[in-house]
Each structure stands twice: as structure tokens, then as C-alpha cells.
Amino acid sequence: MNAAMPASAMPVLSAVFLVLALGLAVIFGPQTRPWSWGPALLALAAACLAAVPLLRRKDRVQTDAVLIFAGIVTTVWFATRAWLSPVREDATGELLLLASAVGAFVVVRCIAGDARAGRVFLWGVALLLLASGIVCAIQIADPSYSPVFRTRADDRLISGFFAHYIDGSNFLVAASVITGAAALLGHHALPSRIFFGVVALGGFAATWFTLSRGGILAGIVATTVFIIGLMIVGRKEGRRWFAPLIIALPLLGMAAGAYLLHGWSMRSDGAAQGIGTVAATLDNAARLHYLGIVLSCILLHPLAGGGAGSFAWECFRFMDPDILGNMVGTRPEMVHNEFLQAATDYGLIGAGLILIVIAGSFIAGFTRMFTDWNEGGVDSADAWRVGGAAALAGMLTQSSFSFVFHLLPGALMLGIALGLATRVPAAVRGRRSPLSNSLLALAGCAAAILIVPFGWNGSRVLSRLWPTHFSKTPETSDSARIAALDDAIRIWPHSSFHAERAALRQGLANADRRITADAAYSLAIDDLARASELDPFEPSHVVQRGYLLSHIGRDAEAEAAFQQAIQLQGGMEAGFRARFQLARHQLAMGRRALARGNPRQSVPILEEAVRLMEQACGISGLLRPDMYVLRAETHETLGAARERIGDREGALECYNHAANALRSKPAHYLAASTLSRIARDEWSAMRLPEALARFIEARARVDRAEGMLPAGTTPAQRDAFTAGLDWSIQLLRGACVQPAK
């Protein structure tokens with residue numbers, strides 16, 4: 001008896017760790033940064049290790065070897081393609097998500113049939129859903145409220161524990177139908193069922209308050225599948241509520257329609273707050289263009305895909321600012337559709353394998369709802385299947401609008417839903433299936449082995465960065481943040497850590513006027529170089545490195561960096577501005593050449609700066625404020641250089657373009673100065689009508705400057721210049737000179 005106790009306690013232990021993993025993922029890990037998943041990964045590894053021995057028990061039978069084999073093939077394909085990704089960081093994140101989904105599936109399949117473990121799991125999901133609902137209720141009263149982290153991504157909308165309302169609604173829908181199925185079909189005590197039912201209804205209500213269009217639609221789809229499952233089970237078991245449910249179907253349909261339409265119209269009412277409208281969602285050329293970008297990326301490697309995260313850099317080459325408008329600066333790091341993301345990164349083979357697994361899971365689940373007769377009346381198998389199938393349908397709907405499975409809570413819920421939906425029939429537990437058991441044991445062990453080291457390192461990084469990055473009373477000093485990043489980089493080198501440390505070091509260098517600033521800049525440049533090594537397709541690291549190299553005068557290296565960034569960013573000039581920064585760099589070099597007294601050297605440099613600036617502004621579409629100013633200054637500086645080499649007409653062309661096309665007021669004053677010099681040359685050559693015409697035009701251009709003067713020009717100088725123009729005009733007119741036409 002004593003020897004049997006540990007074995008009997010293992011399902012409960014595994015369920016406890018699974019609930020703990022899900023809770024930690026929801027509370028601390030609802031983000032795309034893999035190191036933040038550390039605590040949840042450790043709990044999931046413990047759940048897997050506790051579950052795997054259950055597969056050796058004689059009563060632990062898995063009968064769907066074909067479906068499990070298909071899942072293993074899909075997992076191996078995705079793992080292989082992820083491992084071969086040219087960006088190791090993306091590969092690591094994808095592998096951890098994949099292992100998490102597999103681990104959650106294995107655990108659910110192993111604890112199925114154990115009444116105590118099932119109760120632990122359901123109570124855990126229900127309590128986590130209740131806590132999420134309470135947080136949502138608080139956020140309704142105070143939208144800025146964040147339960148754990150200092151801030152949320154968008155504090156205008158309700159999101160619960162999550163940073164973004166879309167991910168919050170995804171969890172609420174899945175958890176609600178799982179809990180609701182336990183309330184209506186589970187064999188639990190009446191108080192427990194009432195509690196589950198109330199919590200499930202609260203979860204659906206919270207979903208509506210998130211105002212997530214995808215979440216509200218996902219709730220309708222999940223509820224539809226839920227009702228279909230109820231009808232199947234009610235008809236099979238002759239439940240008393242079956243007939244009333246059939247009669248109520250039209251009312252339920254109208255309620256679902258009202259839920260959907262009113263929820264979407266509420267979202268439309270938020271348009272004044274910048275949230276968006278339904279019409280804008282359905283009639284949006286930019287979204288269609290994004291779809292075209294996805295298809296273009298898929299066609300680059302249709303069968304095998306580009307590897308984990310490949311869309312994040314391949315999409316740049318297909319960006320069209322004429323179609324995207326002001327959205328061109330919004331970087332599409334992921335496809336807002338998980339199926340298309342899979343087709344892009346893992347090819348049509350990967351997408352096809354996913355379809356097989358998903359379709360097989362639904363077929364297995366609904367087939368067992370029809371055929372699995374619960375003669376003892378104590379098994380909650382149908383509750384698990386109905387809840388799992390409904391949760392899977394809801395999350396798949398939501399995944400058509402966002403990358404919900406690229407967050408750890410979504411990956412865990414995916415594995416849980418698959419495990420629930422495909423629960424093994426109790427009637428066949430007299431046969432053993434060593435193949436499926438062995439495959440599940442292998443998958444569980446592999447998942448645990450993979451996630452343990454990353455879970456440990458991620459937990460260490462999270463604890464080290466918490467005081468400076470997430471705490472509601474953070475340590476804000478640059479030295480504290482740099483020290484925390486130093487430790488994080490030693491534990492888990494990541495490009496984002498190097499980029500952030502580079503920014504902090506740059507800030508220190510900007511504030512330090514002593515010689516130590518050069519050392520800080522050099523350290524920042526080294527950090528950005530290391531970030532590019534870890535993520536070689538990320539243009540922002542290269543652009544910033546080029547900017548710092550330009551700042552400290554390493555011109556050749558800066559130009560090489562900017563040219564590299566231009567190739568990486570493709571059509572995303574508005575997002576990364578590599579051409580603009582290269583133009584800024586060329587402008588700085590041209591100004592230095594002018595300051596050294598080498599105008600002939602500066603002219604070709606400044607002409608290249610003008611070319612790049614115009615190209616950058618043309619690609620960017622909508623211009624940022626700094627681009628307006630620097631664009632005009634580039635033309636004005638080229639004008640000054642041309643004037644220094646005696647090309648006054650060329651200088652005047654530059655000033656006129658800056659003044660008329662770019663609406664630069666100081667350019668009018670610069671043009672007036674040049675016109676005045678040309679007029680004096682005309683006067684010296686005794687071409688008095690031409691000189692007078694130039695003086696008059698110069699005087700008019702001073703007025704058009706409206707008091708806006710070029711850098712280095714004082715009001716006193718302007719007054720003296722104006723007085724000189726007036727004297728010259730008056731003198732020539734007094735000599736009866738008529739201005740040239």
C-alpha cells in the first residue's frame with residue numbers, strides 16, 4: 001500500500017505543477033521575451049517529469065497512436081526548421097513555445113481519468129480565471145491599473161493580467177469554456193459546479209469588456225462549438241435539459257448575434273480615442289497589403305519556409321509606403337494570423353501538418369463524444385472534450401487576428417485544449433498501447449529536457465531585471481540598469497539586452513563632456529555590434545551603430561554601417577530611417593569640410609546628402625518633424641558650399657528649393673544674401689537694370705523670411721543688410737534706372 005502511494009499521488013502532483021505553470025505564465029510571462037517565461041517553464045518541466053512515469057502504469061492507455069504520431073511528426077518538423085533558422089534568438093523562442101505546448105498536452109493526457117488530478121486542474125483554471133476577471137473589473141473602474149507590472153501596452157482597454165487586450169481576451173475565452181463545460185457536464189459536487197458556472201459567465205463578460213473584436217468573435221465561435229458538444233452529449237446520455245436546449249437555440253443565436261454586434265459597435269465608439277472602427281477594419285488597404293506581403297514571403301520558400309521568425313526580416317523587402325501610408329512605420333514583426341505565420345516560417349509542409357493535427361483532434365474529440373458511453377456516471381471525460389474542443393475553436397479563431405500562440409500562456413492553453421479535446425475513451429482502458437505511450441513519454445521527456453536550462457536561466461534573468469525593468473517602484477539610475485543588464489547578458493545573452501545597454505551608455509556619454517565620453521561611445525558601439533551578431537537581420541542595431549560611429553568621426557565605418565542597414569531595411573525607411581541617417585552623416589561630413597575651408601571637397605559630399613535625403617523622404621511617406629528641418633538644412637548647406645566655390649546660381653537654386661518646395665523661412669534670407677552679391681557683381685559690370693532687379697528681389701525675399709534667420713545671423717545683422725538693400729534700390733532708382741524684366 002505504501003509503495004502504491006507515490007504512484008497514486010503523481011497525477012495530482014503533475015496537475016499542481018501544470019496549474020502553477022499556467023498561473024506563472026499568465027501573471028509573469030504574457031510577453032514575447034522568452035527569458036520572462038523562466039518560472040513558468042520550470043513549473044512545466046516539473047509537471048512533465050511527474051507525468052511521464054504515469055505512462056508506464058497498466059491502466060494508463062493511449063489509443064490514438066495515429067494522431068499522436070502525426071503530432072510527433074509536426075513537432076519534429078517545426079523543431080528542425082526552427083533550429084535551422086539563421087537567427088538563434090528566434091529559434092530559441094519558437095522551440096520553447098513548441099516544447100511548452102507539447103509538454104502541456106502530455107501532462108493533460110497523463111492526468112486524464114484521475115479524479116483528484118482532474119479536480120486540481122479544473123479548480124486551478126477556475127481560480128486563475130476568477131483572478132483575471134477581478135483584475136478586469138478593477139481596470140473597468142481604473143483603466144491604468146496593472147496588477148503586476150509597472151505599465152501595460154495599452155491602458156485604454158481592458159486586458160487583465162496581460163499587457164495587450166487581444167491576448168487577455170484569448171485566455172478569457174479558452175478558460176471560460178473549459179470551466180463552463182465542467183459546470184454543465186462535469187461530475188462534481190453541486191457547489192463546485194455552481195462556482196464553475198458563475199466564474200465562466202464572468203469570464204465571458206470580461207471578454208466583452210476587452211472590446212477585442214477578435215476576442216468577441218472567438219467567444220461566439222467557442223460558444224457555438226460548446227453548444228454543439230452539449231447537444232451531442234445531452235442526446236447521447238438523455239439529459240433532461242436536451243429538449244429545452246434545442247428549443248432555446250434560436251434565442252441563443254440571437255443572443256450571440258447581439259453579443260457580437262454590440263461588442264463591435266462599442267469598439268467603434270472608441271474611435272474618437274484612436275482605437276479604430278469596424279468599418280476601418282473591414283475596409284483597409286493596408287491590411288490587404290500586409291496579406292500580400294505574407295504571400296510574397298511564402299513564395300520565397302513555399303515548401304520548407306524560411307525558419308523561425310523569418311517573416312520578421314523578409315517582410316521588409318516587400319513594403320510599399322504608397323499603400324501603407326502612415327502604417328509603414330509600424331513594424332510587422334509577426335503575421336497577425338498564426339496559420340499564415342506557420343506557412344511563412346515553416347512552409348506549406350508545416351501548415352499542412354498543423355491542419356492534419358487540428359482536424360484530427362476535432363474528429364477524435366467529437367467522435368468520442370458520440371461513442372464514449374460513461375456507464376459508471378462518474379467520469380468527466382465529455383466535459384473535458386467539450387471544453388477542450390470549444391477552447392481550441394475559440395483560440396484558433398483569435399489566432400486568425402493575432403499571434404496569440406507566440407506568447408507562453410497561449411502556447412500552454414493550446415496544448416491543454418488539444419489534450420482535453422482528444423481525451424481517451426474510458427471504455428478501452430483494458431488494452432495497452434505501447435507505441436502511443438512511448439511516443440508521449442519521449443515527447444514529455446524531450447520537452448522537459450529542453451525547457452529546464454532555459455527556465456532556470458530565464459528565472460535568474462527575470463529576478464535580476466525585475467527591480468529595474470518591471471517593479472512598480474523601480475531603480476531608475478543608469479548605473480543600476482547597466483549593472484542589471486550586465487548580469488542578464490552573462491546569464492542569457494540577448495540582442496535586446498545589448499541594444500538597451502548601448503542606449504544607456506550613449507546617454508551617459510552624451511552627458512559627459514570629458515574624455516571618458518569617447519570610451520562610453522566605444523562601449524555602446526561594441527554592444528550594438530554584438531546585438532547585430534545575435535540578430536543579424538535587425539536593421540535598428542546597425543542604424544544606431546552607424547549613428548554613433550558618425551558622431552565620433554569614424555566616417556568610413558559609419559557609411560558602411562548605414563549602407564548595410566539600407567540593404568536590411570528594404571522598404572521600411574519610415575521605420576528604420578537608414579537612408580535618412582546616412583544623409584545626416586553625409587551632411588555632417590560636408591559641414592566639417594566647409595569648416596576646414598575645403599568647399600570643393602564638401603560639394604560632392606553634400607550633393608550625395610541631398611540625393612539620399614530626397615530619396616529617404618520620398619520612401620518614408622509621412623515625414624517626422626526632424627526630417628522637415630534637416631531636409632531644408634541639407635539643401636541650404638549645399639547652397640552655401642556652392643557659393644563658396646563661386647557657383648552662385650547653383651547656390652540660389654538650392655536656396656529656392658528649400659524656401660519654396662520645403663517652406664524654409666531662413667532659406668529666403670539666404671537667397672536674399674546671394675541675390676545681393678549677384679546684384680553687386682551686375683553693378684560692377686555696369687548692368688544696372690539687372691542689378692536693380694536683383695536688389696528688389698532680395699529685399700522681397702527678406703520680407704518673406706518673416707524674421708526667421710539662418711543660424712549665426714543676428715537681428716542687428718539683418719537690419720544692417722536690409723538697410724543696405726534699401727539704400728542700393730533707392731540710389732539706382734534715383735539714377736532713373738528701370739529694373740530688368
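Along the sequence shown, residues carry numbers from 1.
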Item to check | Close side-chain approach of R704 to N660, heavy-atom, < 4.5 Å | outcome: yes
Checklist entry - Is there a donor-acceptor pair closer than 3.5 Å between any side-chain N or O of D345 and the backbone N or O of G309? => result yes
Checklist entry - So, H301 versus E314: side-chain donor-acceptor pair below 3.5 Å or not? => result yes
Checklist entry - What orientation do F537 and W313 show, parallel under 30°, tilted 30 to 60°, or perpendicular over 60°? => result parallel
Checklist entry - Is it true that the side chains of Q567 and Q563 contain a donor and an acceptor less than 3.5 Å apart? => result no
Checklist entry - Would a 4.5 Å heavy-atom cut-off, applied to side chains only, mark H551 and Y521 as touching? => result yes
Next on the checklist: If the threshold is 4.0 Å, N to carboxylate O, is there a salt bridge linking D535 and R88?
Outcome noted: no
Next on the checklist: Before you tell me yes or no, could you show the steps for E643 and T674 under side chain to side chain donor-acceptor pair (under 3.5 Å), namely the whole-Å CA-CA distance, both residues' side-chain angles and the distance that decides it to 0.1 Å?
Outcome noted: CA-CA 8 Å; E643 190 162 6; T674 302; 3.0 Å; yes
Checklist entry - Would you say Q31's side chain and R33's backbone share a donor-acceptor pair under 3.5 angstrom? => result no
Checklist entry - Is any side-chain heavy atom of E649 closer than 4.5 Å to a side-chain heavy atom of R642? => result no
Checklist entry - Where is the tightest heavy-atom contact between S459 and G38, given as atom of each residue plus distance? => result OG-C, 3.1 Å
Checklist entry - Can you name the nearest heavy-atom pair linking P599 to A641, along with the distance? => result CB-O, 4.1 Å
Next on the checklist: What verdict does the salt bridge (charged side-chain N to carboxylate O under 4.0 Å, His left out) test give for D478 and R505, after you've listed the backbone C-alpha separation in whole Å, the side-chain angles of each residue and the deciding distance to 0.1 Å?
Outcome noted: CA-CA 8 Å; D478 289 342; R505 286 172 167 170; over 6 Å; no
Checklist entry - Salt bridge between R481 and D486, side-chain N to carboxylate O under 4.0 Å? => result no
Next on the checklist: What verdict does the side chain to side chain donor-acceptor pair (under 3.5 Å) test give for N656 and R701, after you've listed the backbone C-alpha separation in whole Å, the side-chain angles of each residue and the deciding distance to 0.1 Å?
Outcome noted: CA-CA 10 Å; N656 286 337; R701 297 296 288 273; 2.8 Å; yes
Next on the checklist: For the OH atom of Y165 and the OG atom of S402, what is their distance to the nearest 0.5 Å?
Outcome noted: 8.5 Å
Item to check | Reference residue W35; test ring-ring contact (aromatic ring centres under 6.0 Å, His included); the match among W492, F454, F497 | outcome: F497
Checklist entry - For E614 and H635, what are the C-alpha separation, side-chain angles and deciding distance, and is it a side chain to side chain donor-acceptor pair (under 3.5 Å)? => result CA-CA 10 Å; E614 292 303 312; H635 285 274; 2.9 Å; yes
Next on the checklist: Would R554 and I525 count as a side chain to side chain contact (heavy atoms under 4.5 Å, CB included) here? Give the steps.
Outcome noted: CA-CA 11 Å; R554 290 159 63 175; I525 291 169; 4.1 Å; yes
Checklist entry - Between R718 (side chain) and T713 (backbone), is there a donor-acceptor pair under 3.5 Å? => result no
Item to check | Verdict with reasoning, E89 to S495, per side chain to side chain donor-acceptor pair (under 3.5 Å) | outcome: CA-CA 8 Å; E89 292 178 352; S495 62; 2.9 Å; yes
Next on the checklist: With a 4.5 Å cut-off on side-chain heavy atoms, are R577 and Q569 touching?
Outcome noted: no
Checklist entry - Does the side chain of E338 pick up a donor-acceptor pair with the side chain of H406 at under 3.5 Å? => result yes
Checklist entry - Can you tell me how far the CZ atom of F562 sits from the CZ atom of R579, to the nearest 0.5 Å? => result 13.0 Å
Next on the checklist: Let's go through D526 and H498 carefully: what are the C-alpha distance in whole Å and the side-chain angles of both, what is the deciding distance for side chain to side chain contact (heavy atoms under 4.5 Å, CB included) to 0.1 Å, and is it a yes or a no?
Outcome noted: CA-CA 9 Å; D526 292 341; H498 284 283; over 6 Å; no
Checklist entry - How far apart are the closest heavy atoms of G571 and I619, and which atoms are they? => result O-CG2, 4.1 Å
Next on the checklist: Has R501 got a side-chain atom pairing as donor or acceptor with A524's backbone, closer than 3.5 angstrom?
Outcome noted: no
Checklist entry - Taking it one step at a time, do H585 and F580 satisfy side chain to side chain contact (heavy atoms under 4.5 Å, CB included)? => result CA-CA 9 Å; H585 169 67; F580 174 75; over 6 Å; no
Checklist entry - Under 3.5 Å, side chain of T634 to main-chain N/O of L630, donor-acceptor pair present? => result yes
Checklist entry - Could you state the interatomic distance from CD (E500) to CG (L504), rounded to the nearest 0.5 Å? => result 5.5 Å
Checklist entry - Does Y669 have its ring centroid less than 6.0 Å away from the ring centroid of F721? => result yes
Checklist entry - What's the spacing between R464 CZ and R490 CZ if we round to 0.5 Å? => result 8.5 Å
Next on the checklist: If we ignore hydrogens and angles and just use 3.5 Å, is the side chain of Q581 paired with the main-chain N or O of A578 as donor and acceptor?
Outcome noted: no
Next on the checklist: Under a 4.0 Å threshold between the charged nitrogen and the carboxylate oxygen, would E633 count as salt-bridged to R584?
Outcome noted: no
Next on the checklist: More than 12 heavy atoms of other residues, nucleotides or ligands under 6.0 Å from CZ of F316: yes or no?
Outcome noted: yes
Checklist entry - Under a 4.5 Å cut-off applied to non-hydrogen side-chain atoms, are R150 and S146 in contact? => result no
Checklist entry - Is there a side-chain contact between L709 and P715, using heavy atoms and a 4.5 Å cut-off? => result yes
Checklist entry - What is the minimum heavy-atom distance between T344 and C297, and which atoms define it? => result CG2-CB, 3.8 Å
Checklist entry - Are Q341 and N337 linked by a side-chain donor-acceptor pair shorter than 3.5 Å? => result no
Next on the checklist: I need the Q398 CD to D167 CG distance, nearest 0.5 Å.
Outcome noted: 8.0 Å
Checklist entry - Is a side-chain donor or acceptor of S296 paired with a backbone partner of G292 at a separation under 3.5 angstrom? => result yes
Checklist entry - Can any side-chain N or O of R694 pair as donor or acceptor with the backbone N or O of I678 at less than 3.5 Å? => result no
Next on the checklist: Quick check: F149 with W466 (ring centres under 6.0 Å apart)?
Outcome noted: yes
Checklist entry - Between the side chain of E559 and the main-chain N/O of L582, is any donor-acceptor distance below 3.5 Å? => result no
Next on the checklist: Is the shortest side-chain heavy-atom distance between N598 and L594 below 4.5 Å?
Outcome noted: no
Checklist outcome for this item: In this structure, CD1 of I491 is separated from OG of S463 (nearest 0.5 Å) by 6.5 Å
Checklist entry - Would H336 and F401 satisfy side chain to side chain contact (heavy atoms under 4.5 Å, CB included), going step by step from the backbone distance to the final call? => result CA-CA 5 Å; H336 283 249; F401 302 94; over 6 Å; no
Checklist entry - Does anything in residues 651-671 pair up under salt bridge (charged side-chain N to carboxylate O under 4.0 Å, His left out), and if so which pairs, sequence neighbours excluded? => result K665-E706
Item to check | Any donor-acceptor N or O pair under 3.5 Å, side chains E475, H469 | outcome: no
Checklist entry - Is there a side-chain contact between R596 and Q601 (heavy atoms, below 4.5 Å)? => result yes
Next on the checklist: Can a donor-acceptor pair be found, under 3.5 Å and without considering hydrogens, that links the side chain of E607 to the backbone of L638?
Outcome noted: no
